[in-house]
Every structure is written in structure tokens, then in C-alpha cells.
Amino acid sequence: MLENLESNYDCAHASEDLHQLKQELEDLNSQEPKDPAMQENINRLENQISFILNKCDINHQSVYD
């Protein structure tokens, strides 16, 4: 998980960062049961992915396929 995403995020890192975030999200989603802390991490990862997709104007569908 990236620690700090801000409005000055460098989209040159988007491909690598999205791959890392997507892997972390996949790992967390595969674990059961999900406690509140784990769900908070899942939500944060989803928010970070959305932030990068929106900031860097990347098509959402292509990332989740």
C-alpha cells in the first residue's frame, strides 16, 4: 500500500503502482474472515486505485479485467 497519495502524484509511476496495489487488494480479498482492520485496508487500497485511475485519466475497466 502506498503511504501517501497527493494531488502532485507522478503518473509516470501509475503502471507499477497500480500493479502493486491490485496485487495487495487481491491478496486481502482472498483471505477469510475479514476483520474490521482488514476491511479498512481493502477500502484504502480501492481508494488509492481509484485515485490513480482518476488522476492519471486511466480507463477503469482495463485495470479490473
Side-chain angles (χ1 to χ4, degrees):
M1 187 176 325
L2 299 173
E3 288 305 311
N4 218 2
L5 288 178
E6 298 178 5
S7 59
N8 63 351
Y9 175 77
D10 184 355
C11 289
H13 302 285
S15 178
E16 181 180 323
D17 289 343
L18 284 171
H19 178 73
Q20 176 188 346
L21 292 169
K22 193 174 169 186
Q23 286 295 117
E24 289 179 46
L25 182 59
E26 199 173 297
D27 289 345
L28 284 177
N29 277 325
S30 69
Q31 297 177 28
E32 292 292 336
K34 292 178 177 56
D35 62 30
M38 184 183 294
Q39 188 60 53
E40 186 176 318
N41 283 339
I42 289 170
N43 293 344
R44 185 162 184 222
L45 286 166
E46 289 172 342
N47 288 339
Q48 288 180 325
I49 290 169
S50 290
F51 173 84
I52 293 172
L53 293 175
N54 290 329
K55 169 75 175 166
C56 301
D57 198 26
I58 298 171
N59 181 335
H60 290 225
Q61 190 60 34
S62 65
V63 173
Y64 289 106
D65 287 344

(message) For the CD atom on Q39, are there more than 12 heavy atoms of other groups (residues, nucleotides or ligands in this structure) within a distance under 6.0 Å?
(response) yes

(request) Output the distance between atom CG (N47) and atom CD1 (I42), rounded to the nearest 0.5 Å. (result) 12.0 Å

(request) Sort and list the pairs that fulfil disulfide bond (SG atoms under 2.5 Å apart) and have at least one residue in residues 15-53, not counting sequence neighbours. (result) none

(message) If I take atom CG from residue N41 and atom CG from residue N29, how far apart are they, to the nearest 0.5 angstrom?
(response) 11.5 Å

(message) Quick check for you: to the nearest 0.5 Å, what is the distance between K22 atom NZ and E46 atom CD?
(response) 13.0 Å

(message) Just verifying a value: how many Å separate L28 CG and L45 CG, rounded to the nearest 0.5 Å?
(response) 6.0 Å

(request) Scan residues 29-38 for pairs that pass salt bridge (charged side-chain N to carboxylate O under 4.0 Å, His left out), counting only residues two or more places apart or in two chains. (result) E32-K34

(message) Please enumerate all residues that pass side-chain hydrogen bond (donor to acceptor under 3.5 Å, both in side chains) together with E16, with sequence neighbours excluded.
(response) none

(request) Using side chain to side chain contact (heavy atoms under 4.5 Å, CB included) as the criterion, list what pairs up with D10, not counting sequence neighbours. (result) A12, H13

(message) Once disulfide bond (SG atoms under 2.5 Å apart) is applied, what residue pairs with a partner in residues 29-58 remain, sequence neighbours excluded?
(response) C11-C56

(request) To the nearest 0.5 Å, tell me how far I49 CD1 sits from I58 CD1. (result) 11.0 Å

(message) Which heavy atom of K55 sits nearest to which heavy atom of Y9, and what is that distance?
(response) CE-O, 3.7 Å

(message) Once disulfide bond (SG atoms under 2.5 Å apart) is applied, what residue pairs with a partner in residues 18-52 remain, sequence neighbours excluded?
(response) none

